[in-house]
Amino acid sequence: MSPQQREALEAAAFRKLVAHLRERTDVQNIDLMNLAGFCRNCMSRWYREAAADQGITLADPDAREIVYGMPYKQWQAQHQREATADQKAAFAAGNPGH
(Lines give C-alpha, C1' and ligand atoms only; values in the text may rest on other atoms or scores of the structure.)
Protein backbone atom coordinates (compact mmCIF):
# COMPACT_ATOMS: atom_id res chain seq x y z
CA MET A 1 0.00 0.00 0.00
CA SER A 2 1.36 3.39 -0.93
CA PRO A 3 1.47 6.29 1.55
CA GLN A 4 -1.19 8.08 -0.53
CA GLN A 5 -3.50 5.04 -0.41
CA ARG A 6 -2.99 4.75 3.34
CA GLU A 7 -3.78 8.43 3.84
CA ALA A 8 -6.92 8.14 1.69
CA LEU A 9 -8.11 5.13 3.71
CA GLU A 10 -7.39 6.90 6.99
CA ALA A 11 -9.32 9.95 5.80
CA ALA A 12 -12.26 7.78 4.75
CA ALA A 13 -12.29 6.04 8.14
CA PHE A 14 -12.20 9.43 9.90
CA ARG A 15 -15.14 10.67 7.81
CA LYS A 16 -17.13 7.54 8.72
CA LEU A 17 -16.33 8.01 12.42
CA VAL A 18 -17.44 11.64 12.29
CA ALA A 19 -20.65 10.69 10.44
CA HIS A 20 -21.35 7.95 12.98
CA LEU A 21 -20.90 10.34 15.90
CA ARG A 22 -23.15 12.90 14.22
CA GLU A 23 -25.87 10.26 13.99
CA ARG A 24 -25.34 9.00 17.55
CA THR A 25 -26.29 12.17 19.36
CA ASP A 26 -27.47 9.97 22.23
CA VAL A 27 -23.83 9.22 22.99
CA GLN A 28 -22.66 12.07 25.16
CA ASN A 29 -19.09 13.37 25.19
CA ILE A 30 -18.69 12.33 28.81
CA ASP A 31 -19.63 8.76 27.79
CA LEU A 32 -16.91 8.83 25.14
CA MET A 33 -14.38 10.26 27.59
CA ASN A 34 -15.21 7.69 30.25
CA LEU A 35 -15.03 4.74 27.87
CA ALA A 36 -12.43 5.76 25.30
CA GLY A 37 -10.52 8.69 26.74
CA PHE A 38 -11.50 11.08 23.95
CA CYS A 39 -14.60 12.89 22.74
CA ARG A 40 -15.87 15.03 19.88
CA ASN A 41 -14.07 18.05 21.33
CA CYS A 42 -10.80 16.10 21.33
CA MET A 43 -11.37 15.17 17.71
CA SER A 44 -12.00 18.79 16.76
CA ARG A 45 -8.83 19.83 18.59
CA TRP A 46 -6.83 17.14 16.74
CA TYR A 47 -8.33 18.39 13.48
CA ARG A 48 -7.33 21.98 14.29
CA GLU A 49 -3.83 20.86 15.30
CA ALA A 50 -3.46 18.89 12.06
CA ALA A 51 -4.49 22.00 10.14
CA ALA A 52 -1.89 24.04 12.02
CA ASP A 53 0.75 21.44 11.15
CA GLN A 54 -0.10 22.14 7.51
CA GLY A 55 0.10 25.90 7.99
CA ILE A 56 -3.69 26.30 7.96
CA THR A 57 -5.29 28.50 10.60
CA LEU A 58 -8.55 27.02 11.80
CA ALA A 59 -10.45 28.56 14.69
CA ASP A 60 -11.69 26.21 17.40
CA PRO A 61 -15.39 26.90 16.69
CA ASP A 62 -14.82 26.09 13.01
CA ALA A 63 -13.06 22.82 13.85
CA ARG A 64 -15.88 21.88 16.21
CA GLU A 65 -18.46 22.59 13.53
CA ILE A 66 -16.60 20.21 11.19
CA VAL A 67 -16.85 17.42 13.76
CA TYR A 68 -20.31 18.18 15.15
CA GLY A 69 -21.90 19.04 11.79
CA MET A 70 -23.35 22.22 13.27
CA PRO A 71 -22.20 25.03 15.55
CA TYR A 72 -21.18 23.63 18.94
CA LYS A 73 -23.66 25.81 20.85
CA GLN A 74 -26.47 24.48 18.66
CA TRP A 75 -25.38 20.88 19.27
CA GLN A 76 -25.26 21.51 23.02
CA ALA A 77 -28.75 23.02 23.01
CA GLN A 78 -30.22 20.18 20.96
CA HIS A 79 -28.38 17.13 22.26
CA GLN A 80 -26.29 17.65 25.38
CA ARG A 81 -27.70 16.39 28.65
CA GLU A 82 -26.51 17.11 32.17
CA ALA A 83 -24.02 14.48 33.22
CA THR A 84 -25.12 12.18 36.01
CA ALA A 85 -23.26 12.04 39.30
CA ASP A 86 -21.93 8.60 38.30
CA GLN A 87 -20.66 9.93 34.95
CA LYS A 88 -18.96 12.86 36.66
CA ALA A 89 -17.34 10.58 39.25
CA ALA A 90 -16.08 8.20 36.55
CA PHE A 91 -14.69 11.14 34.61
CA ALA A 92 -12.94 12.58 37.67
CA ALA A 93 -11.43 9.19 38.50
CA GLY A 94 -10.26 8.55 34.96
CA ASN A 95 -9.05 12.04 34.12
CA PRO A 96 -7.36 13.55 37.16
CA GLY A 97 -6.39 17.16 36.57
CA HIS A 98 -8.54 17.53 33.45
Side-chain angles (χ1 to χ4, degrees):
M1 176 182 319
S2 73
Q4 293 82 8
Q5 289 170 316
R6 180 177 168 209
E7 187 172 332
L9 294 173
E10 291 168 348
F14 175 80
R15 287 190 296 273
K16 284 189 179 229
L17 175 59
V18 167
H20 181 75
L21 290 174
R22 285 179 183 175
E23 290 175 17
R24 291 297 310 269
T25 57
D26 60 310
V27 178
Q28 297 293 295
N29 281 335
I30 196 161
D31 297 325
L32 291 169
M33 287 296 296
N34 287 342
L35 292 172
F38 77 96
C39 68
R40 293 169 181 89
N41 292 335
C42 297
M43 291 176 59
S44 68
R45 186 184 73 246
W46 299 336
Y47 196 96
R48 182 178 41 78
E49 290 169 353
D53 289 345
Q54 298 292 318
I56 300 166
T57 301
L58 184 62
D60 190 52
D62 296 329
R64 284 187 176 186
E65 189 166 339
I66 289 166
V67 171
Y68 283 90
M70 64 182 69
Y72 180 56
K73 293 290 185 189
Q74 180 182 347
W75 193 92
Q76 284 180 305
Q78 291 179 357
H79 305 294
Q80 188 167 309
R81 296 183 312 267
E82 179 67 29
T84 66
D86 288 342
Q87 287 172 316
K88 290 176 184 179
F91 180 81
N95 300 282
H98 186 69

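Since the structure is predicted, the reported quantities are computational estimates derived from the model, not experimental observations.
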Minimum heavy-atom distance Ala63-Ser44, with the two atoms named: CB-O, 3.4 Å
When rounded to the nearest 0.5 angstrom, what distance separates CZ in Arg40 from CD in Gln80? 9.5 Å
With sequence neighbours excluded, residues passing salt bridge (Lys or Arg N to Asp or Glu O under 4.0 Å) with Arg24: Asp26
Sub-4.5 Å side-chain heavy-atom contact between Lys73 and Pro61: no
Sidechain-backbone polar pair: Gln28 side chain, Ala83 backbone, donor-acceptor under 3.5 Å: no
Distance in Å, Thr57 OG1 paired with Arg48 CZ, rounded so as to fall on 0.5 Å steps: 11.0 Å
Determine, using the 4.5 Å side-chain heavy-atom cutoff (strictly less than), whether Val27 and Val67 are members of one ILVMFWY cluster. yes
Contacts of Tyr72 meeting ring pair (Phe, Tyr, Trp, His ring centres under 6.0 Å) (sequence neighbours excluded), chain-then-number -> Tyr68
By side chain to side chain donor-acceptor pair (under 3.5 Å) - contacts of Arg6 (at least two apart): Glu10
How close do Met33 and Cys42 get, heavy atom to heavy atom, and via which atoms? SD-SG, 4.0 Å
Qualifying residues under salt bridge (Lys or Arg N to Asp or Glu O under 4.0 Å), relative to Arg15, sequence neighbours excluded: none
Would you kindly confirm whether Ile66 and Val18 end up in one hydrophobic cluster when ILVMFWY residues are joined by side chain heavy atoms under 4.5 Å apart? yes
Partners meeting salt bridge (Lys or Arg N to Asp or Glu O under 4.0 Å) with Glu7 (sequence neighbours left out): none
The reported gap from CZ in Arg81 to CG in Asn29 (rounded to nearest 0.5 angstrom) is 11.0 Å
Contact check, side chains of Trp75 and Arg64, non-hydrogen atoms, under 4.5 Å: no
Tell me whether Phe38 is reachable from Leu35 by hopping between hydrophobic residues (I, L, V, M, F, W, Y) whose side-chain heavy atoms are closer than 4.5 Å. no
Can you tell me how far CE of Met43 sits from CG of Leu21, rounded to the nearest 0.5 angstrom? 5.5 Å
For Gln76 and Pro71, indicate whether the former's side chain and the latter's backbone hold a donor-acceptor pair under 3.5 Å. no
Output for pair (Trp46 CH2, Asp53 CG), nearest 0.5 Å, gives 14.0 Å
More than 12 non-hydrogen atoms from neighbouring residues, nucleotides or ligands closer than 6.0 Å to CD on Gln78, yes or no? yes
Would you say Leu58 ends up clustered with Phe14 if hydrophobic residues are merged whenever their side chains have heavy atoms under 4.5 Å apart, either directly or through other cluster members? yes
Report the residues that fulfil salt bridge (Lys or Arg N to Asp or Glu O under 4.0 Å) with Lys88, sequence neighbours left out, ordered by chain and then residue number. Glu82
